[in-house]
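The model shown is predicted, which means the values in this text are computed figures rather than measured ones.
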Amino acid sequence: MASSRDRQRKLARAKLDRQLARRAASIRRRRQIQAGVGATVVLALIVLGSAWGLGAFDRDRKPKAAEDVCLWTPQDAGGNTNLKDVGTPPTTGLPTSGIRPMTITTDQGGPITAELDLAGAPCAGASIAHLAGRSFYDNTKCHEITAEGALRCGDPSGTGVGGPTYSFYDENVPAAPAATPAPGQAPAYPKGTVAMVANPPGANGSQFLVFFKDFNPAKPAYPIIGRITGGLDVVEKIGALPTVDNGTGAKVKPKTDVVVRKLTVGEPTEAPAPAPSSTSGAPSASPSAG
């Protein structure tokens with residue numbers, strides 16, 4: 001009998017041990033499931049919080065504004081009656097690489113063609129294209145043949161202080177030449193260079209220079225905006241015209257009127273135009289920025 005009771009106690013004990021083991025395993029599984037669910041909830045809260053912080057649930061969220069490429073400073077037409085209001089170019093979405101072709105038709109022959117450098121002077125390119133699109137330059141005079149060897153155009157008033165009712169900052173001004181230039185070094189403004197000119201300096205508007213001679217000043221001040229690609233012989237012919245006093249004592253006014261009948265600017269392109277042959281009168285290389 002004793003041995004029978006012992007066996008029963010052992011069997012009962014074994015059964016209890018199995019029950020306790022199953023209960024412990026069940027508790028462990030439950031805790032693992034709870035831990036996994038908790039981690040998932042925490043991760044989801046982190047993701048939602050990040051999305052909320054970034055504005056993913058903002059119904060009024062606005063797209064990021066495009067950055068300004070150019071800034072146009074208003075000019076007071078009341079204080080300067082030589083200014084002409086034709087609006088302003090856009091400030092964003094402007095091309096900043098490649099070139100834009102420009103064509104100038106004058107009463108002295110032509111046409112004169114040029115490339116506007118959008119990488120070096122994107123704002124000048126945008127401004128001239130804007131003005132050309134509004135016939136700003138049409139039937140205006142090139143009012144100076146400068147002592148520096150350039151034809152000055154782009155002022156409808158012919159006074160040197162005219163332009164649009166906005167201005168923009170200098171771009172692509174050449175560096176000062178070295179005290180001892182290297183042999184063969186190009187001048188700051190090679191013949192055929194197109195550059196902005198402003199009065200006062202730095203407040204560029206519509207006026208530009210076309211150099212028919214090399215010019216290498218100690219302190220360059222004109223922003224280079226492009227180069228002539230054809231018709232430089234026409235510019236040289238105009239540059240040879242006799243000049244008279246412009247009313248200020250400066251003998252720079254062409255004795256014969258030089259009229260820009262039309263100025264047009266084409267669409268931007270990444271591919272520069274082919275270099276013209278030496279017989280076309282265009283410069284053999286692009287203007288150097290220093």
Measuring only between side-chain heavy atoms, which start at C-beta, is [X] closer than 4.5 Å to [Y]?
X	Y	result
Pro268	Leu118	yes
Thr106	Val259	no
Leu263	Ile128	yes
Ile145	Leu151	yes
Arg100	Glu267	yes
Leu131	Val86	yes
Val173	Pro223	yes
Phe208	Ile104	yes

Is Lys191 salt-bridged to Glu236, cutoff N-O under 4.0 Å?
-> yes
May I ask you to decide whether Lys262 forms a salt bridge with Asp138, counting only side-chain N to carboxylate O separations under 4.0 Å?
-> yes
Hits for side-chain contact (heavy atoms from CB on, under 4.5 Å) against Asp155, two or more places apart or cross-chain, chain-then-number order -> His143, Ser157, Thr159, Gln207
Look up atom [atom1] in [X] and atom [atom2] in [Y], then write down how far apart they are to the nearest 0.5 Å.
X	Y	atom1	atom2	result
Thr269	Glu115	OG1	CD	9.5 Å
Asp257	Gln108	CG	CD	9.0 Å
Thr88	His130	OG1	NE2	6.0 Å
Leu241	Thr243	CG	OG1	9.0 Å

Steps toward side chain to side chain contact (heavy atoms under 4.5 Å, CB included) verdict (Thr165, Asn80) | CA-CA 9 Å; Thr165 53; Asn80 182 358; over 6 Å; no
Minimal non-hydrogen separation, [X] against [Y], with atom names:
X	Y	answer
Gln75	Leu83	CB-CD1, 3.6 Å
Ser206	Tyr137	O-OH, 2.9 Å
Ala121	Ile224	CB-O, 3.8 Å
Leu209	Ala150	CB-CB, 4.0 Å
Ile112	Gly231	CG1-O, 3.8 Å
Ala195	Tyr222	CB-CB, 3.8 Å

Does any N or O in the side chain of [X] come within less than 3.5 Å of the main-chain N or O of [Y], such that one atom is a donor and the other an acceptor?
X	Y	value
Asp117	Gly120	yes
Glu144	Cys153	no
Asn204	Phe168	yes
Asn199	Pro201	no

Worked verdict on Cys142 versus Arg152 for side chain to side chain contact (heavy atoms under 4.5 Å, CB included) = CA-CA 6 Å; Cys142 293; Arg152 182 170 180 171; over 6 Å; no
Under a single-linkage definition using a 4.5 Å side-chain heavy-atom cutoff for Ile, Leu, Val, Met, Phe, Trp and Tyr, are Tyr169 and Trp72 assigned to the same hydrophobic cluster?
-> no
Could you verify whether a donor N or O on one side chain and an acceptor N or O on the other, from Ser127 and Tyr166, lie under 3.5 Å apart?
-> yes
Going by atom types alone, do Thr229 and Thr113 pair a side-chain donor with an acceptor below 3.5 Å?
-> yes
Contacts satisfying disulfide (SG to SG under 2.5 Å) that involve residues 67-135 (not counting sequence neighbours) are Cys70-Cys123
Working for side chain to side chain contact (heavy atoms under 4.5 Å, CB included), residues Asp245 and Lys253 = CA-CA 6 Å; Asp245 192 325; Lys253 180 181 178 180; over 6 Å; no
Do Val260 and Asn139 pass the side chain to side chain contact (heavy atoms under 4.5 Å, CB included) test, and can you show the C-alpha distance, the side-chain angles, and the key distance before you say yes or no?
-> CA-CA 5 Å; Val260 175; Asn139 300 310; over 6 Å; no
